[in-house]
Amino acid sequence: MNATNLANYKTESIENTLLFGPLYHLTEETEIKKYIKEIHRVLKRGGLVFASFIPQVCGIKSILERSIASPEQVDAHSFLKVVEEGVFNNLTNTGFQEVKYLNPDWIHNLFSQQGFINLEMRSIRGIGYGMEEDVLKLEKERPAYFCKVMEILHQTADLKAIIETSGHAIIVAKKEE
C-alpha cells in the first residue's frame, strides 16, 4: 500500500497508529505532508500517533561517517543534499538506499498544521546513542550506576540537542477530539 494513499481505510476507523519507517523513506516534503494528512483522516478522534523519524543533524553526522567508511556510497553532492535538504540517496545498491532526515521543528509544525495536538517529542536512543551495548553491560557490572545512567537518559531525552543528535526520535501526537 502507498503511504500517501490510505484509501483502503475508512475515515476515522483506526484507534491509534505507529509510524515506524515511512517518515524515513518518504523523501519529498509533499509526500510526507500527504501521508500525515491521510493518517489524520483515518485516525479516530482522540486517537494517538507514535511517529519515529531520524533528525537531520543526526543524519548529517551519519552520512559523514558513511562517506568515510564507504566513500562509494556518498560523494560531495549527496552529502551537501543531506546538509541542505535532509535527503540522502545512496550512490550504490548496498546499505541504506534513501532517507529523509527531518528537522524536529518542521515535523512538530507539520503535525500541528494537520490538526494534531503534539504531546511529546523525545530521542528514542538518547545520549547513549552509539554506546548501547556498553550501557547495557553496566546493568550486570555496575547495577546502581546503570540505574542512574538510565534515569539520566530518560530525563534528558526531551532536550532539543539530544533529539537532534541521538539517533531516532519520536513524536507523540493526538487527533483533536
Side-chain angles (χ1 to χ4, degrees), residues 1-63 81-88 96-132 135 147-177:
M1 177 179 291
N2 183 330
T4 62
N5 181 358
L6 302 177
N8 290 349
Y9 295 98
K10 295 178 183 175
T11 299
E12 296 187 359
S13 62
I14 296 174
E15 295 281 337
N16 300 300
T17 187
L18 300 173
L19 311 180
F20 288 7
L23 293 180
Y24 311 151
H25 299 293
L26 295 172
T27 58
E28 300 293 326
E29 287 186 8
T30 55
E31 291 177 319
I32 296 167
K33 289 176 181 178
K34 192 172 183 182
Y35 177 55
I36 300 304
K37 185 175 183 174
E38 276 289 271
I39 292 299
H40 188 271
R41 180 187 67 77
V42 301
L43 196 64
K44 291 182 179 179
R45 294 185 184 279
L48 298 174
V49 175
F50 301 84
S52 65
F53 65 97
I54 305 172
Q56 188 172 0
V57 172
C58 182
I60 293 168
K61 182 180 183 290
S62 174
I63 296 304
K81 192 170 180 180
V82 173
V83 172
E84 292 177 347
E85 301 173 30
V87 175
F88 173 69
F96 214 84
Q97 291 301 298
E98 66 181 13
V99 64
K100 172 76 171 172
Y101 299 110
L102 298 170
N103 177 299
D105 292 334
W106 184 84
I107 196 76
H108 183 274
N109 291 336
L110 173 62
F111 273 85
S112 293
Q113 291 164 1
Q114 293 299 326
F116 287 100
I117 300 164
N118 292 313
L119 302 175
E120 188 168 17
M121 184 180 290
R122 302 176 64 79
S123 170
I124 294 173
R125 299 170 86 179
I127 58 174
Y129 175 57
M131 300 177 279
E132 292 87 355
V135 169
C147 289
K148 184 50 95 176
V149 167
M150 295 307 291
E151 181 181 320
I152 291 169
L153 287 171
H154 177 70
Q155 289 173 352
T156 61
D158 63 348
L159 298 176
K160 186 172 182 175
I162 303 300
I163 292 168
E164 290 177 340
T165 59
S166 298
H168 295 73
I170 189 166
I171 185 168
V172 181
K174 180 179 180 179
K175 184 173 178 178
E176 294 177 343
E177 296 187 54

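A quick note: this is a predicted structure, and the numbers were derived from the prediction, not measured.
Contact check on Arg41 versus Glu38 returns a salt bridge, with a Lys/Arg side-chain nitrogen under 4.0 Å from an Asp/Glu carboxylate oxygen. Look at Glu12 and Lys44 and you find no salt bridge, because none of the NZ, NE, NH1 or NH2 atoms lies under 4.0 Å from a carboxylate O. The pair Lys100-Glu29 meets the salt-bridge criterion, with a side-chain N (NZ, NE, NH1 or NH2) lying under 4.0 Å from an Asp/Glu carboxylate O.
If you take CG on Asp158 and CD on Glu120, they are separated by 7.0 Å, rounding to the nearest 0.5 Å. Going from atom CD of Glu28 over to atom NZ of Lys34 covers 13.0 Å, rounded to the nearest 0.5 Å. Note that CG of Asp105 and NZ of Lys160 are 3.5 Å apart. Values are rounded to the nearest 0.5 Å.
Residues Leu23 and Ser52 come closest through the heavy atom pair CB-O, 3.6 Å. The two residues Phe53 and Pro55 have their closest heavy-atom pair at O-CD, 3.6 Å. Contact between Gly128 and Leu153 at its shortest, heavy atoms only, is N-CD2, 3.3 Å. Residues Gly115 and His40 share a closest heavy-atom pair of O-NE2, 3.6 Å.
In this structure, Tyr24 has its ring center closer than 6.0 angstrom to the ring center of His168. Aromatic pair His25/Phe96: ring centres closer than 6.0 Å.
Contact of the Tyr129 side chain with the Ser123 side chain is not registered, since no non-hydrogen atoms from C-beta on lie closer than 4.5 Å.
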Next item on the list: Quick one: do Val49 and Val172 satisfy side chain to side chain contact (heavy atoms under 4.5 Å, CB included)? Show the steps, please.
Entry: CA-CA 6 Å; Val49 175; Val172 181; over 6 Å; no

Next item on the list: Show your reasoning for whether salt bridge (charged side-chain N to carboxylate O under 4.0 Å, His left out) applies to Arg45 and Glu176.
Entry: CA-CA 6 Å; Arg45 294 185 184 279; Glu176 294 177 343; over 6 Å; no

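For Ser62 (side chain) and Cys58 (main-chain N/O), no donor-acceptor pair under 3.5 Å exists by modelled atom type. Checked by atom type and distance alone, the side chain of Ser13 never pairs as donor or acceptor with a backbone atom of Tyr9 at under 3.5 Å. In terms of modelled atom types and a separation under 3.5 Å, the side chain of Asn16 and the main chain of Gly47 share no donor-acceptor contact. Of the possible polar contacts, one joining the Gln56 side chain to the Val83 backbone as a donor-acceptor pair under 3.5 Å is found.
Each of Thr27, Ile60, Val57, Val82 was checked for a side chain to side chain contact (heavy atoms under 4.5 Å, CB included) with Tyr101, and the lone residue meeting it is Val82. Under the side chain to side chain contact (heavy atoms under 4.5 Å, CB included) rule, Thr17 has a single partner from Leu43, Leu6, Val42, which is Leu43.
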